[in-house]
Engineer: 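Next up is a structure, given as structure tokens.
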Amino acid sequence: MEMGMGIPEFFRGRSVFITGGSGFMGKVLVEKLLRSCPDLDNIYVLMRPKRGQQVAGRYSDLLDCKIFEWLKENRKHQLNKIVAVAGDITKPGLGLSPEDQEMLVREVSVVFHAAATVKFDEVIRLSVALNLLGTKSLLQLCEKMDKLVSVVHVSTAYCNCNLNDDIYEKLYPAPADPEQVIQMVQLLDDHVLDCITPLLLKDRPNTYTFTKALAEHVVYEKSGRLPIAIFRPSIVTSAIEEPLPGWVDNLNGPTGVLAGVGKGVLRSVMCHRDAIADFIPVDRAINCMIAIAWATAVTRPNNIVIYNCTTGASSPLYWRDMEQFGLEFILKYPSREILWYPGGSFKSSPTLNDLHTLAVQTLPAYLHDGLSRLTGRKPIMVRIQEKLQKALETTQFFTTKDFKFRNDNVVELYKTLSPEDQKTFCFDLSNIDWRKYIETYVLGTRKFILKEDPATIPESRVNLKKMYVLHRGTQLLMFIFIFWGFLMRSSTARFTFYQMLSAVSKMMTALSKTFASVER
Ligand SMILES: NC(=O)c1ccc[n+]([C@@H]2O[C@H](COP(=O)([O-])OP(=O)(O)OC[C@H]3O[C@@H](n4cnc5c(N)ncnc54)[C@H](OP(=O)(O)O)[C@@H]3O)[C@@H](O)[C@H]2O)c1
């Protein structure tokens with residue numbers, strides 16, 4: 001294979017096998033390969049039956065995803081290249097039928113392994129089964145593939161999140177012996193495993209980063225035997241451009257924060273403003289992943305190359321920027337049905353965060369549910385708050401620590417691409433306009449997660465103004481309440497209080513008249 005061969009040319013006539021193709025990153029990968037490598041042969045996507053739905057149904061759901069609309073309209077025949085293969089990475093031999101296994105072994109020359117559980121606090125048994133044993137089974141299959149030229153194993157930049165120094169693109173010592181962990185999980189019952197999990201994790205915050213770190217070692221054992229590379233993205237966020245600006249399909253991490261703040265139910269987040277928020281837009285990550293597959297095949301390095309697909313070293317975004325830009329665009333493009341006027345802030349003190357959460361989220365949630373019960377409606381707010389807090393707790397480790405990822409291999413790889421490939425498979429991490437990006441992200445969260453038509457933005461702005469009056473009015477009443485409690489004992493305070501009350505009443509009447517005229 002020639003070094004001068006471009007990426008689309010490299011994929012010409014080749015078949016690709018993808019695990020995790022039905023996931024957030026996997027869908028973007030499938031779409032991008034079909035869009036930009038039109039001459040590739042087939043894309044085999046491993047799919048398991050899920051929640052009572054069989055593989056055929058899941059396959060048609062995948063094609064119904066909005067991101068395939070461009071292909072449907074412009075290159076419909078390309079979609080016939082997606083072949084669903086029934087399987088499950090937790091099963092021996094990936095749960096493939098003998099015929100499917102034979103077909104993959106015969107046809108496939110490039111493999112992307114993205115299937116995993118991304119649930120941070122998954123029980124260790126499942127996390128090991130998916131992230132560790134799943135990787136082992138995949139590699140066993142790869143070893144049988146006749147035409148294999150490239151395997152990309154998707155890890156995470158945070159698998160070494162226990163480190164306090166710069167995190168390089170190299171293999172760090174394993175947190176445990178992968179084989180011993182596999183045996184332990186097979187031998188011990190759930191209760192014992194639950195008890196020993198914290199001991200196993202040591203200085204890692206969860207089973208996700210632990211098992212992802214172990215999986216890298218399982219991959220590394222194949223050094224010299226398989227043409228494999230390790231790809232470590234940081235926090236993968238909505239698309240910057242492709243397949244659709246702002247596209248995202250889950251509420252994980254920052255997307256959940258934008259949605260929660262946008263709805264007015266989240267007002268306090270534990271986060272160090274001066275730490276780097278290492279976001280990597282999903283399209284940049286996928287382009288990098290495709291380039292890694294190409295580079296691994298054409299350069300055939302002797303050792304496994306690790307790529308930290310991270311932005312902090314090239315174009316840092318800080319959590320304070322996320323806080324500022326996020327709120328700015330949430331207020332510019334408000335959600336349709338908000339429970340309260342969006343606001344709040346990041347806190348670096350746990351006590352302050354707890355107190356603020358109690359005052360502006362938990363207590364109002366109980367009040368809301370109490371009123372709901374009285375008026376015969378379903379009380380939902382306390383449950384929402386509990387879920388939010390649980391989700392935030394699992395991310396706290398990552399939002400309160402400064403991670404310094406080195407991404408030299410990724411930067412170098414980008415330079416080796418031809419100008420056309422750089423344009424088609426852009427992963428230039430040096431010039432991301434984060435303010436513009438967060439605007440796209442907020443709009444994407446509104447459209448693709450909250451399912452709100454952009455045409456509803458003007459009416460949502462009117463609603464937002466009403467909520468603003470209610471919000472400020474409530475703050476004022478609270479202030480008055482406190483003032484009453486503390487100062488009503490003196491006659492001067494009483495006089496001041498009545499003067500203020502009269503002024504507030506006049507102001508509220510004037511404001512409601514203004515809004516009535518705006519609505520007309
Ligand atoms: N998203 C991020 O911020 C991020 C950051 C760093 C690294 N990563 C890594 O990137 C990869 C993809 O992440 P993602 O965000 O796209 O996750 P995701 O949306 O949760 O997708 C996970 C994929 O794995 C598949 N999968 C799970 N269990 C499986 C099983 N038993 N058998 C077969 N397939 C199974 C899922 O299939 P179903 O549709 O059947 O569930 C899905 O396609 C993961 O390896 C993750 O560790 C992600």
Side-chain angles (χ1 to χ4, degrees), residues 17-31 44-55 57-59 61-62 65 67 84-96 100 111-120 122 125-135 137-138 141 152-161 167 206-216 219 230-239 247-256 277-286 288-289 292 306-311 394-395 398 403 405:
F17 178 46
I18 301 178
T19 72
S22 55
F24 170 46
M25 294 175 67
K27 280 186 267 206
V28 180
L29 173 64
V30 172
E31 202 275 345
Y44 298 103
V45 178
L46 188 76
M47 273 189 199
R48 56 177 173 169
K50 197 175 172 185
R51 295 191 197 112
Q53 200 183 21
Q54 292 310 304
V55 170
R58 297 208 60 203
Y59 170 74
D61 278 2
L62 177 73
C65 178
I67 65 170
V85 179
D88 184 324
I89 57 163
T90 59
K91 304 223 165 108
L94 300 179
L96 296 168
D100 282 344
V111 175
F112 294 96
H113 175 45
T117 171
V118 296
K119 198 173 158 197
F120 285 179
E122 186 59 88
R125 186 184 302 287
L126 214 53
S127 204
V128 166
L130 279 148
N131 298 351
L132 194 52
L133 283 166
T135 302
S137 304
L138 175 94
L141 177 69
V152 181
H153 166 74
V154 184
S155 182
T156 163
Y158 294 94
C159 66
N160 298 300
C161 60
I167 299 174
N206 53 43
T207 52
Y208 173 68
T209 53
F210 177 74
T211 51
K212 284 295 228 183
L214 292 181
E216 284 198 353
V219 169
I230 295 178
F231 170 67
R232 288 184 188 153
S234 46
I235 305 170
V236 184
T237 47
S238 78
W247 185 81
V248 59
D249 79 342
N250 63 70
L251 272 167
N252 296 344
T255 314
D278 209 301
F279 290 4
I280 174 81
V282 64
D283 38 352
R284 295 276 154 103
I286 294 304
C288 179
M289 212 164 135
I292 291 170
I306 297 180
Y307 298 88
N308 283 352
C309 188
T310 55
T311 50
T394 62
T395 58
F398 305 94
F403 295 97
F405 301 114

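Both counts, for ligands and for their atoms, begin at 1 and track the order of listing. Bear in mind the structure is a predicted one, so any value in this text is a computation, not a measurement.
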Engineer: Is the closest heavy atom of Leu130 to ligand 1 under 4.0 Å?
Structural biologist: yes
Engineer: Quick check: Ile89 and ligand 1, any N/O pair under 3.5 Å apart?
Structural biologist: yes
Engineer: Tell me the closest heavy-atom pair linking Gly134 and Leu94, and the distance in Å.
Structural biologist: O-CD2, 4.0 Å
Engineer: How would you list, by chain and number, every residue that makes a side-chain contact (heavy atoms from CB on, under 4.5 Å) with Ala157, sequence neighbours excluded?
Structural biologist: Arg232, Ser234, Thr310, Phe405
Engineer: Report yes if the side chains of Leu126 and Thr117 come closer than 4.5 Å at any heavy-atom pair, otherwise no.
Structural biologist: no
Engineer: Provide the number and element of each atom of ligand 1 under 4.0 Å from a heavy atom of Thr90.
Structural biologist: 31 (N)
Engineer: Relative to atom 38 (P) of ligand 1, which among Met47, Arg51, Arg58 owns the nearest non-hydrogen atom?
Structural biologist: Arg58
Engineer: Could you list which atoms of ligand 1 come closer than 4.0 Å to a heavy atom of Gly23?
Structural biologist: 16 (O), 19 (O), 21 (O), 42 (C), 43 (O)
Engineer: Nearest to atom 36 (C) of ligand 1, what protein heavy atom do you find, and at what distance?
Structural biologist: Ser22 OG, 4.0 Å
Engineer: Check each atom of ligand 1 against the heavy atoms of Val118 and keep those under 4.0 Å away; list them by number with element.
Structural biologist: 13 (O), 17 (O), 20 (O), 46 (C), 47 (O)
Engineer: Any idea which protein heavy atom is nearest atom 7 (C) of ligand 1, and the distance to it?
Structural biologist: Ser155 O, 3.1 Å
Engineer: Closest non-hydrogen protein atom to atom 19 (O) of ligand 1, residue and atom name please, with distance?
Structural biologist: Phe24 N, 2.9 Å
Engineer: Counting from 1, what ligand 1 atoms have a heavy atom of Val154 closer than 4.0 Å?
Structural biologist: 9 (C), 10 (O), 11 (C), 45 (O)
Engineer: Classify the angle between the aromatic ring planes of Phe398 and Phe120 as parallel (below 30°), tilted (30 to 60°) or perpendicular (above 60°).
Structural biologist: tilted
Engineer: Look only at interatomic distance and state if Thr156 has a nitrogen or oxygen under 3.5 Å from any nitrogen or oxygen of ligand 1.
Structural biologist: no
Engineer: At a 4.0 Å threshold, what atoms of ligand 1 neighbour a non-hydrogen atom of Asp88?
Structural biologist: 30 (C), 31 (N), 32 (N)
Engineer: Looking at non-hydrogen atoms alone, which of Pro49, Ala115, Gly26 comes nearest to atom 34 (N) of ligand 1?
Structural biologist: Ala115
Engineer: Looking only at non-hydrogen atoms, which of Gln53, Arg48, Met25, His113 approaches atom 16 (O) of ligand 1 most closely?
Structural biologist: Met25
Engineer: Any idea which atoms of ligand 1 are less than 4.0 Å away from a heavy-atom of Tyr208?
Structural biologist: 7 (C), 8 (N), 9 (C), 46 (C), 47 (O)
Engineer: Of the protein's non-hydrogen atoms, which lies at the shortest distance from atom 3 (O) of ligand 1, and what is that distance?
Structural biologist: Val236 N, 2.9 Å
Engineer: Give the atom numbers and elements of ligand 1 that come within less than 4.0 Å of a heavy atom of Ala114.
Structural biologist: 11 (C), 12 (C), 44 (C), 45 (O)
Engineer: Ignoring hydrogens and geometry beyond distance, is a side-chain donor-acceptor pair present between Glu216 and Asn160 at under 3.5 Å?
Structural biologist: no
Engineer: Quick test: of every protein heavy atom, which one is nearest to atom 22 (C) of ligand 1, and how far off is it to 0.1 Å?
Structural biologist: Ala116 O, 3.7 Å
Engineer: Which residues satisfy the side chain to side chain donor-acceptor pair (under 3.5 Å) test with His113, sequence neighbours excluded?
Structural biologist: Thr19, Thr135
